[in-house]
Amino acid sequence: QCITHCPVGALTVRNDIDKVYRAMEDPSIVTVVQVAPAVRTAWAERLNIDEKDASTNLMVAALKKIGFDYVFDTNFSADLTIMEEATEFLNKFTAGPMEFPMFTSCCPGWVRFIKSQYPDLVKYLSTAKSPQQMFGTIAKTYYAKLLNINPKKIFCVSIMPCTAKKHEADIPSINDSEAPKDVDVVITTRGLEKMIRSENIKFDMLEEEAFDMPLGIGSGAGAIFGATGGVMEAALRSAYYFVTGKDPEPDAFKSVRGQKGWRESTFDIEGNTVRVAVASGLKNARRLIEALLRKEVSYDFVEIMACPGGCSGGGGQPIKDGQELAEKRAKKLYDIDKKMALRYSHENPSIIKVYDDYLGVPNSKLAHKLLHTDHEMWDMALSPRLTMVEDDFYDEY
Ligand code: SF4
């Protein structure tokens with residue numbers, strides 16, 4: 001977001017597109033790309049494609065045309081994140097009264113914020129890695145085994161609505177993947193647009209294509225990760241199932257949706273009251289945390305996204321002067337969810353298979369080793385000046 005507001009153009013996004021092309025030119029390298037939920041809502045906004053034709057499958061076809069060997073869906077690893085994070089939450093929730101809520105950890109902008117501004121609260125972050133990082137780990141472990149190749153030969157690219165994801169991919173990981181990084185290169189939605197333009201792709205000649213298998217299956221719950229409140233809603237759908245053994249109505253938790261910067265809900269899950277809150281924009285995050293510290297509010301589970309409206313309004317998305325498009329893009333994600341037969345992360349057949357064949361159960365020893373992280377192992381210096389900038393830009397709305 002700061003990049004889009006920088007008055008002198010001094011802040012620029014790191015351009016990693018050349019690295020992708022170099023990997024594609026190396027015949028010994030397998031290029032694997034994942035596409036985040038919010039990207040599919042915005043990738044064609046500034047391309048000359050009718051909005052109704054700009055489908056997810058047309059985007060997949062464009063990525064194959066660009067030259068990626070395998071095109072996968074971050075919705076798959078969003079489902080994996082839900083399996084791990086909902087299990088982690090229930091373990092904490094059922095262990096007794098929670099001193100402080102568990103915070104989601106999938107937004108690197110938020111993780112950087114809490115580390116620099118409220119270091120004493122870092123221990124309340126979920127240890128689950130973000131969907132981007134979980135995807136990279138699975139690509140270089142489970143999928144490398146399926147392909148029977150050395151993980152070092154997999155070049156993992158992410159298309160993200162986010163500039164902070166570039167930093168996240170560089171954070172040291174505690175996983176035991178044989179390759180040094182989970183994700184090698186992060187390209188923003190604007191970067192994807194640039195690649196499509198430079199390839200001069202003729203969309204009227206392009207046939208839609210589906211994501212590759214098995215890491216190309218995602219549920220509706222994974223899709224709504226791209227909207228503020230989506231992680232919470234997806235986690236509650238599966239937490240309900242883990243507690244009761246039954247699926248809730250898919251829209252049972254829809255009261256967490258919306259664009260208001262800080263909202264709260266209470267749900268009953270088999271006689272247990274679960275108090276949740278959702279905030280987007282760092283100004284709202286600060287207000288929420290200060291209220292928690294003053295004991296004016298009390299929650300069990302809190303989702304925070306740094307960008308107002310969540311990833312659909314992320315800093316790597318196309319910019320249209322004077323227009324805030326997060327809400328319109330979020331609606332597209334809820335439409336995708338509504339139309340899907342698969343609306344629960346725990347029913348995703350690829351997720352079931354990865355646990356059956358490789359990870360065991362959510363929060364297993366191997367799942368912890370590969371899919372969780374230690375937020376305290378990397379330093380984040382306090383930065384008062386940055387805080388002022390963030391507070392100015394991330395206004396409540
Ligand atoms: Fe990135 Fe913004 Fe999404 Fe956070 S909310 S993951 S900073 S796009």
Side-chain angles (χ1 to χ4, degrees), residues 1-5 11 13-14 34-43 45 74-75 77-78 81 85 103-117 125-126 128-136 158-171 182-183 186-192 222-234 256 258-259 261-262 278-286 288 302-319 324-327 329-330 333 373 375 380 386-387 389-391 393-397:
Q1 289 282 323
C2 303
I3 289 152
T4 67
H5 289 80
L11 297 173
V13 184
R14 198 173 80 206
Q34 57 166 317
V35 190
V39 173
R40 69 207 63 201
T41 68
W43 68 278
E45 277 173 6
T74 312
N75 292 10
S77 47
T81 303
E85 199 162 334
F103 294 112
T104 56
S105 56
C106 50
C107 168
W110 152 240
V111 172
R112 280 176 66 96
F113 176 81
I114 194 170
K115 281 181 70 88
S116 67
Q117 304 295 301
L125 283 170
S126 163
K129 288 183 185 174
S130 71
Q132 163 173 281
Q133 297 303 111
M134 282 199 188
F135 180 91
S158 305
I159 312 286
M160 292 283 141
C162 179
T163 47
K165 288 278 170 192
K166 288 177 183 273
H167 164 76
E168 182 185 58
D170 289 337
I171 293 171
D182 293 334
V183 171
V186 179
I187 303 290
T188 61
T189 315
R190 288 196 299 275
L192 170 61
I224 59 175
F225 255 64
T228 168
V231 180
M232 179 61 69
E233 186 173 348
V256 300
Q259 294 293 307
W262 171 10
V278 169
S280 72
L282 292 178
K283 191 169 186 174
N284 293 311
R286 189 188 297 286
L288 188 152
V302 173
E303 176 203 298
I304 297 185
M305 293 287 164
C307 298
C311 301
S312 56
Q317 296 278 62
I319 299 156
E324 289 292 351
L325 295 168
E327 186 170 8
R329 295 169 184 152
L333 292 173
T373 191
H375 302 291
M380 178 72 227
L386 185 64
T387 304
V389 171
E390 285 167 345
D391 276 1
F393 287 153
Y394 291 99
D395 275 343
E396 180 192 10
Y397 73 106

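Position 1 is the first residue of the sequence, and the numbers go up from there. Whatever order the structure lists them in is the order used to number ligands and atoms, beginning at 1.
Of all the listed residues (G109, P108, P161), P108 holds the heavy atom that lies closest to atom 6 (S) of ligand 1.
With ligand atoms numbered from 1 in the order given, ligand 1 contributes 8 (S) to contacts under 4.0 Å with heavy atoms of G314. Contact atoms of ligand 1 toward A306: 5 (S) (distance under 4.0 Å to a heavy atom of the residue). Residue-ligand proximity, M305 to ligand 1, at heavy-atom distances under 4.0 Å covers atoms 5 (S). Proximity to C162 (heavy-atom distance under 4.0 Å) selects the following atoms of ligand 1: 1 (Fe), 6 (S), 7 (S), 8 (S).
Of the N and O atoms on the side chains of Q132 and Q34, not one donor lies less than 3.5 Å from an acceptor on the other residue. Between the side chains of T189 and Q317, a donor-acceptor pair is found at a separation under 3.5 Å.
For the side-chain contact (heavy atoms from CB on, under 4.5 Å) test, residues two or more places apart in sequence or in another chain that qualify with A285 are W110, F113, L282, I304.
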### Query
So T41 and L333, side chain to side chain contact (heavy atoms under 4.5 Å, CB included) or not? Walk me through it.
CA-CA 7 Å; T41 68; L333 292 173; 3.5 Å; yes
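Atom 2 (Fe) of ligand 1 has an N, O or S atom of C307 closer than 2.8 Å.
Among the candidates M134, K129, Q133, the single residue satisfying the side chain to side chain contact (heavy atoms under 4.5 Å, CB included) test with T81 is M134.
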